[in-house]
Undergrad: 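Take this structure, written in structure tokens, and hold onto it; I'll ask about it next.
FYI, side chains are in, hydrogens and waters are out, and symmetry mates aren't considered; it's all heavy atoms of this structure. In what follows, chains are A, B, ... by sequence order, proteins preceding strands, each numbered from 1.
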Number of protein chains: 2
Amino acid sequence: MMTTIKDIAQKADLAVSTVSYALNDSSKISDKTKKKVIELAKELNYQPNGTARNLKKQKTETIGLFLNDLGGPYYSELIKGVQEVTSSNEYDLVACDAAGGVDSTAYTFLKEKRVDGAIILAPSISDELIIQVAKNQLPTVVLDRELESEHICNVLIDNIKGAYKAVSHLTKLGIEKIAYLSGATDSYDNKNRFKGYKKALLDKGISYQPDWFIEGCFTEESGYKAIKELLVNKKSANLPEAIFAANDEMAIGAIQALQEGNIKVPDDIAVVGFDDINLASYIRPSLTTISHPKYQLGKLATQMVFEGLEENFAGKSITISTDLVVRESCGG
Amino acid sequence: MMTTIKDIAQKADLAVSTVSYALNDSSKISDKTKKKVIELAKELNYQPNGTARNLKKQKTETIGLFLNDLGGPYYSELIKGVQEVTSSNEYDLVACDAAGGVDSTAYTFLKEKRVDGAIILAPSISDELIIQVAKNQLPTVVLDRELESEHICNVLIDNIKGAYKAVSHLTKLGIEKIAYLSGATDSYDNKNRFKGYKKALLDKGISYQPDWFIEGCFTEESGYKAIKELLVNKKSANLPEAIFAANDEMAIGAIQALQEGNIKVPDDIAVVGFDDINLASYIRPSLTTISHPKYQLGKLATQMVFEGLEENFAGKSITISTDLVVRESCGG
DNA sequence: GTGAAAGCGCTAACAT
DNA sequence: ATGTTAGCGCTTTCAC
């Protein structure tokens, strides 16, 4: 069995409160007693029970990071930023997966108040849940949607301008036939990246061709499949001159499919992605893409959570700007 | 304030126990009462408090995955395997970072019993802590060391044979001057990979050259720096013909350094890694490496945890075999 | 079918 | 400086 402060109290012939104070190094307790308690604790292999303390103190000192795909390629730097801030505030951090809907760990931890603050980057978590949970005083920072409600703050990437930059770069190279490889169509990021794409075309007087809306769902595989299909369906004369993918993973899948179809990237078709994941600089041709400061994003989001712990930060919204990173895949 | 069952009980003019039973859909309670309670719960935006339940039930139904580097490139598939098994057992999963020693979330969660089982892949967690924590009935699976103690089970990669395969492949290609790019020298993985390297040389009658032990620490940067230095110090005549890196990240760093030094991989120097991370197939030249079934590893480790939840599995040890994946970087 | 009460392990206000 | 006590929100035994 686990030893509790009760056991220590018994053995030491002290009250539990005294033991508790001693273990928490309270100034009320004499050095002698403290020493005795601490020794006994070590002897009995005592470990405080976090659950009990959390219940009593009505807080967990833990921040939850809720991701759609724990271990996905996007998050590594972001997590570092989050970690930096949580640990410098002497809080704990747990990363939870949100895939699986209402049965996911994300739902459980959010609803059951097993964290004191939440950072959400998981489109699969519904707006309703977030709003409901945040209503119960849970400071929540959402990175993947715009949401105005109590105890919710938005930290967003400037998707529209980012996409605009990507597409404008292509048009500046004289390319006009630019396809859009879409992510999940209902996602916030995708919607805005699509907006930026259309705006860039419009500003150049290029009319948007619904025909060049290619549907994927943010995964590498979806990009690969979508382009494979495209190559089967279209005559080569009817192919776009460039593909702007709503994220890097799809762009990488697309490049793979193009190469397998003996289409040269960027000579025949240029490809531009979004996010600047690690892989982007490693693949050949290296991927032109839109980068955003992930580490900073993580730090900022987490700082906001701690701000929300102190005061109600509802309604705050921060937008992070993006940068075009030109590499080989666009030929420019 | 958060609503509790007490609030519901009051409003419904019922006992808290009745409310609790009703919410847990106990057969004792009349449908009418259940309906009333559930409606009221919804109305008051009631959410059960997980901490309280965990305390009462003396379990969290949560498995902890403790990693040295949350978001590192290695773990993605492993995490999926772990997730698969935890969720099929209707448990939750939290991933915790172990960097930062005794102040890390890993230490806190392990010591405070905030998880019911642990999967550890974090050399920075000390053997002592693991043994101590496991003594308190915490089923623990370690993936990064051999450890025999109560409630601990080992799931290991066959590092020695893996390294042996890698180096043997090089010697079969007629390469004899093979350098070893080492990971953290005190790590279990590194020690055994080094053993396999030496054994493969020995079996071919090639004597081990301490001179070709190059020190890194498993990071891409450490591999890059180590090889940069090597190129500065050695005359080109004195360079090895191949580098066997203790993991892929260092191998990738090494390739980068070699290419910057105008040394052709694999023509001038072959490079082989270990782990078969995602990146390995994307870089150019693609990386020859030793793969192991990460998803399976995650599944297996997690299944072991659940086994340990039922019965004491102490002393069990499983070793996973590896495969050589030949790609471009070794020229074979 | 419902209620009263004990208790999980801890903290903290209030005695002494 | 130490002890007594109440209680965090929940589950569960036992009584009615």
Side-chain angles (χ1 to χ4, degrees), chain A residues 1-38 40-41 44-62 108-109 111-116 136-138, chain B residues 1-38 40-41 44-62 108-109 111-116 136-138:
Chain A
M1 270 315 296
M2 288 285 295
T3 6
T4 70
I5 48 171
K6 218 170 162 183
D7 301 324
I8 300 181
Q10 235 155 34
K11 285 237 180 188
D13 208 25
L14 287 167
V16 284
S17 57
T18 310
V19 175
S20 172
Y21 284 129
L23 290 170
N24 288 300
D25 203 25
S26 157
S27 60
K28 297 174 165 181
I29 306 294
S30 73
D31 286 355
K32 202 177 133 211
T33 311
K34 272 187 199 168
K35 207 177 145 227
K36 190 164 125 196
V37 167
I38 289 165
L40 211 45
L44 298 175
N45 193 24
Y46 169 77
Q47 295 300 347
N49 181 312
T51 309
R53 182 156 34 77
N54 290 163
L55 176 60
K56 177 66 197 177
K57 298 194 113 179
Q58 295 288 74
K59 58 176 176 175
T60 61
E61 301 203 330
T62 302
T108 312
F109 270 58
K111 284 195 297 196
E112 295 189 351
K113 268 235 168 227
R114 291 186 40 191
V115 294
D116 288 350
N136 292 326
Q137 322 272 356
L138 187 82
Chain B
M1 265 318 296
M2 288 284 294
T3 16
T4 69
I5 48 171
K6 216 170 161 180
D7 301 323
I8 300 181
Q10 235 154 35
K11 286 238 178 185
D13 208 25
L14 287 167
V16 283
S17 54
T18 310
V19 175
S20 170
Y21 283 129
L23 290 170
N24 289 299
D25 201 26
S26 156
S27 59
K28 295 174 168 182
I29 306 295
S30 73
D31 286 356
K32 201 179 133 211
T33 311
K34 272 187 199 169
K35 204 175 148 232
K36 189 163 127 196
V37 168
I38 288 165
L40 211 46
L44 297 174
N45 194 22
Y46 168 77
Q47 295 300 347
N49 181 310
T51 309
R53 182 155 34 77
N54 290 164
L55 176 59
K56 178 64 197 179
K57 298 193 111 179
Q58 296 287 75
K59 58 177 178 177
T60 61
E61 301 201 329
T62 302
T108 312
F109 270 58
K111 284 196 297 197
E112 295 188 351
K113 267 232 167 229
R114 291 184 43 190
V115 293
D116 289 348
N136 292 326
Q137 321 273 356
L138 187 82

Undergrad: Looking at the side chain of A:Ala52, which of C:dA4, C:dC10, C:dT2 is the nearest nucleotide?
TA: C:dC10
Undergrad: What is the separation between atom NZ on A:Lys56 and atom C1' on D:dT5, rounded to the nearest whole Å?
TA: 10 Å
Undergrad: Toward the 5' end of DNA chain D, which comes first, A:Val19 or A:Leu55, by nearest nucleotide?
TA: A:Val19
Undergrad: So, does A:Thr51 use its side chain to make a donor-acceptor pair with the main chain of B:Asn54 at under 3.5 Å?
TA: no
Undergrad: Look at the side-chain N and O atoms of A:Tyr21 and state whether any lies under 4.0 Å from the OP1 or OP2 oxygen of C:dA13.
TA: no
Undergrad: Are OP1 or OP2 of D:dC8 and a side-chain N or O of A:Asn54 less than 4.0 angstrom apart?
TA: no
Undergrad: What is the distance, to the nearest angstrom, from the CG atom on B:Leu14 to the C1' atom on C:dA4?
TA: 14 Å
Undergrad: Taking the side chain of B:Asn24 as heavy atoms from C-beta outward, which of D:dT4, C:dC8, D:dT11 is closest to it?
TA: D:dT11
Undergrad: Rounding to a whole Å, what distance do you find between B:Arg53:CZ and D:dT12:C1'?
TA: 14 Å
Undergrad: Please report, rounded to the nearest Å, how far the P atom of C:dT16 is from the CD1 atom of A:Ile29.
TA: 18 Å
Undergrad: Hey, could you give me the CZ/NZ distance between B:Arg53 and B:Lys59, rounded to the nearest 0.5 Å?
TA: 10.0 Å
Undergrad: Calculate, to the nearest 0.5 Å, the distance between atoms CG and OH belonging to B:Leu23 and B:Tyr46 respectively.
TA: 5.5 Å
Undergrad: Without decimals, in angstroms, what is the distance between B:Met2 CE and D:dC8 P?
TA: 14 Å
Undergrad: What integer distance in Å separates A:Asp13:CG from D:dG3:P?
TA: 8 Å
Undergrad: Hey, is the main chain of B:Met2 close enough, under 3.5 Å, to the side chain of A:Lys113 for a donor-acceptor pair?
TA: no
Undergrad: Hey, which of these two, B:Thr18 or B:Gln58, hits DNA chain C nearer its 5' end, going by closest nucleotide?
TA: B:Thr18
Undergrad: In whole Å, what is the span from the CD1 atom of B:Ile5 to the C1' atom of D:dG7?
TA: 14 Å
Undergrad: From the set C:dG1, D:dT11, D:dT2, return the single nucleotide nearest to any side-chain atom of B:Ser30.
TA: C:dG1
Undergrad: Which part of the nucleic acid, if any, lies within reach of A:Thr33 when heavy atoms closer than 4.0 Å are counted: base, sugar-phosphate only, or nothing?
TA: sugar-phosphate
Undergrad: Return yes if some donor-acceptor pair links the side-chain N/O of B:Lys34 with the main-chain N/O of B:Ser26 below 3.5 Å, else return no.
TA: yes
Undergrad: Atom NZ of B:Lys28 and atom P of D:dA15: how far apart are they, to the nearest Å?
TA: 13 Å
Undergrad: Report which part of the nucleic acid A:Thr4 touches: base, sugar-phosphate, or nothing (heavy-atom distance under 4.0 Å, all strands).
TA: sugar-phosphate
Undergrad: Need to verify one output field. Residue with the more 5' nearest nucleotide on DNA chain C, A:Lys57 or A:Lys6?
TA: A:Lys6
Undergrad: So for A:Ser17 and D:dT4, does any side-chain atom that can act as donor or acceptor lie under 3.5 Å from a complementary atom in the base?
TA: yes
